[in-house]
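Reviewing the structure listed below.
Sequence lines set the chain letters: A, B, ... in the order given, protein chains first and strands last, and positions in each chain run from 1.
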Number of protein chains: 2
Amino acid sequence: MNKNNTTPQRGRPAKSGRDSSQTKQALVQSGVQYFTEFGFASSGIDQILKKVSVPKGSFYHYFASKEAFGIAVIEEYSHYFAKKLDLHLLNETNKPLMRIVNFANDAKEGMARYNFKRGCLIGNLEQEVGLLPESHRLQLLDTFAVWQQKMTCCLQLAQQENTIPASLDCTALASFFWMGWEGSIAKSKLTKNLTPIDTFIDVFLQLIAK
Amino acid sequence: MNKNNTTPQRGRPAKSGRDSSQTKQALVQSGVQYFTEFGFASSGIDQILKKVSVPKGSFYHYFASKEAFGIAVIEEYSHYFAKKLDLHLLNETNKPLMRIVNFANDAKEGMARYNFKRGCLIGNLEQEVGLLPESHRLQLLDTFAVWQQKMTCCLQLAQQENTIPASLDCTALASFFWMGWEGSIAKSKLTKNLTPIDTFIDVFLQLIAK
DNA sequence: AACTATATTAGACCGATCGTCTAATTAAAT
DNA sequence: ATTTAATTAGACGATCGGTCTAATATAGTT
């Protein structure tokens with residue numbers, strides 16, 4: 001975002017060979033991993049730095065504080081997830097409810113790939129909210145609002161298709177979906193298998209189908 | 001459990017005046033509060049002790065380790081919650097679905113009373129499972145299994161009454177309920193209001209009603 | 001070539017815990 | 001008086017938290 005390789009870099013060069021924005025991005029991605037697995041409070045800056053071979057002294061060059069770093073991490077994940085969501089929920093080659101199923105399958109893959117250790121950053125931090133700075137709390141709320149909006153649209157499409165009853169309030173149903181979703185991800189972390197997610201999706205679809 | 005006031009206490013008397021089992025119980029209750037609000041990893045033994053005026057040196061007299069203490073804390077909460085659940089779900093003066101509503105209202109009171117800072121110990125620890133000893137993980141699974149069984153029975157009652165469709169698998173539905181429930185408690189902590197819980201219960205009941 | 005500005009790093013800083021343990025203290029039992 | 005049991009005092013070393021200052025290395029400027 002900041003500098004590209006056409007402009008020569010001033011200052012002492014990074015040990016890693018990355019330029020400024022690459023290093024920043026690498027740190028954020030490492031943060032996503034650690035925060036998703038261990039939460040904000042229990043993740044140390046040391047580990048996060050070590051993973052991408054950035055020296056400790058550099059951290060406060062790139063970020064003003066752990067809080068500021070957290071904001072960047074949440075933002076990164078939010079963008080990543082919103083993209084994934086659009087990929088499935090706006091895929092016009094599939095019917096609306098099928099899009100939800102596809103999204104769930106995508107997420108299930110991720111759960112298994114990381115051995116059920118990660119789950120959803122937003123859901124994990126949500127539980128930790130009592131230990132988080134207020135800025136993070138608001139950011140999490142924003143993120144959920146975006147996801148909810150996307151899901152609402154998808155459900156409305158299903159409604160227009162007459163796949164689900166017209167009597168349903170799609171906004172409330174979308175909120176309901178995400179609460180159950182986060183619950184199922186958490187349960188899946190606990191059981192270390194995909195059964196909870198499957199149960200959630202199956203029952204959800206069965207309940208809303210006409 | 002251990003000693004009552006009829007048998008005189010040997011050894012140096014506790015500063016607090018409590019006997020052995022009272023002190024242990026006080027520690028466990030303090031642990032419930034802290035673990036529920038801050039999780040296992042972020043709760044310090046010091047704080048837990050201070051809250052009930054038990055000196056630090058005493059901790060390892062009462063518990064073999066923090067892990068063992070955690071087991072006692074989870075057990076205490078599980079019992080407490082199972083009792084609350086029975087109180088509502090087995091209350092024959094109400095129809096099955098009304099019992100669920102009453103349970104939810106009870107829980108909502110608790111959420112508000114603690115200013116949305118605590119929520120559900122089991123749900124909170126569930127998210128933290130990556131940082132927990134395996135013994136805790138299994139205990140959490142057990143606890144959920146018990147809750148799920150209780151809810152299954154209640155839903156089956158509703159089914160027998162013909163309040164909900166006979167086509168529903170009550171076991172799956174109970175699992176679904178608890179995932180959504182935990183999700184709604186977490187969301188309620190985030191929003192600092194009861195709207196998520198209300199939405200969850202409302203939509204759930206609407207979806208399963210005939 | 002000397003100097004300034006900028007970018008990055010090295011590594012220490014200190015306070016706060018962390019969970020645990022050993023020795024001392026206090027009382028009842030013998 | 002001595003032993004046994006229960007509780008406490010307080011230190012223990014280790015880790016690690018987030019942060020900061022000074023040193024280093026490059027590019028731009030004169």
When the distance from CZ of A/Phe69 to C1' of D/dG17 is rounded to whole Å, what number comes out?
-> 15 Å

Solution key, residues 120-133 of chain B side-chain donor-acceptor pairs under 3.5 Å, sequence neighbours excluded:
| residue | atom | partner | partner atom | Å |
| --- | --- | --- | --- | --- |
| B/Asn124 | OD1 | A/Gln127 | NE2 | 3.1 |
| B/Asn124 | ND2 | B/Thr36 | O | 2.6 |
| B/Asn124 | ND2 | B/Arg118 | O | 3.0 |
| B/Glu126 | OE2 | A/Lys187 | N | 3.1 |
| B/Gln127 | NE2 | A/Gly123 | O | 3.3 |
| B/Gln127 | NE2 | A/Asn124 | OD1 | 3.1 |
| B/Glu128 | OE1 | B/Phe40 | N | 2.9 |
| B/Glu128 | OE2 | B/Phe40 | N | 3.2 |
| B/Glu128 | OE2 | B/Ala41 | N | 2.8 |

To the nearest angstrom, the CD1-C1' distance between B/Ile45 and C/dA16 comes to 15 Å

Identify, with sequence neighbours excluded, every residue that meets side-chain hydrogen bond (donor to acceptor under 3.5 Å, both in side chains) alongside B/Tyr114.
-> none

Report the residues that fulfil side-chain hydrogen bond (donor to acceptor under 3.5 Å, both in side chains) with B/Glu75, sequence neighbours left out, ordered by chain and then residue number.
-> none

In whole angstroms, how far is the C1' atom of C/dT6 from the OH atom of A/Tyr62?
-> 12 Å

Round to a whole Å and report the spacing from CZ of A/Phe59 to P of D/dC16.
-> 17 Å

Say whether B/Glu67 and B/Ser135, considering side chains only, have a donor N or O and an acceptor N or O under 3.5 Å apart.
-> yes

Between the protein and nucleotides 10-14 of chain D, which nitrogen or oxygen pairs are less than 3.5 angstrom apart?
| residue | atom | partner | partner atom | Å |
| --- | --- | --- | --- | --- |
| D/dG10 | O6 | B/Gly57 | N | 3.4 |

Those residues that, when tested against A/Arg137, pass salt bridge (Lys or Arg N to Asp or Glu O under 4.0 Å) (two or more places apart) = A/Glu134

Within 45° of the axis and under 6.0 Å from the centre of the six-membered ring of B/Phe103, does NZ or CZ of B/Lys108 qualify?
-> no

Given atom NZ of A/Lys66 and atom P of D/dG18, what is their separation to the nearest angstrom?
-> 4 Å

Under 3.5 Å for both distances, Watson-Crick or G-U wobble, that's the pair rule; now give the dot-bracket for DNA chain D, with | marking pairs to another strand and [ ] for crossing ones.
-> ||||||||||||||||||||||||||||||

Partners passing side-chain hydrogen bond (donor to acceptor under 3.5 Å, both in side chains) against A/Ser78 (at least two apart in sequence or in another chain) = A/Thr143

Atom OH of A/Tyr34 to atom P of D/dG17: distance rounded to whole Å?
-> 11 Å

C/dT8 OP1/OP2 closer than 4.0 Å to side-chain N/O of A/His61 | yes

So which nucleotide from C/dT9, C/dC18, D/dA9 ends up closest to the side chain of B/Pro55?
-> D/dA9

Nearest-Å distance, NZ (B/Lys50) to P (C/dA16)?
-> 11 Å

Whole-Å distance between D/dA9 P and B/Leu49 CG?
-> 12 Å

Listed pairs under 3.5 Å, donor-acceptor, residues 176-184 of chain B side chains, sequence neighbours left out:
| residue | atom | partner | partner atom | Å |
| --- | --- | --- | --- | --- |
| B/Trp178 | NE1 | B/Trp147 | O | 3.1 |
| B/Ser184 | OG | B/Trp181 | O | 2.8 |

Can you sort out the partners of A/Gln29 under side chain to side chain contact (heavy atoms under 4.5 Å, CB included), two or more places apart, ordered by chain and number?
-> A/Gln25, A/Glu76

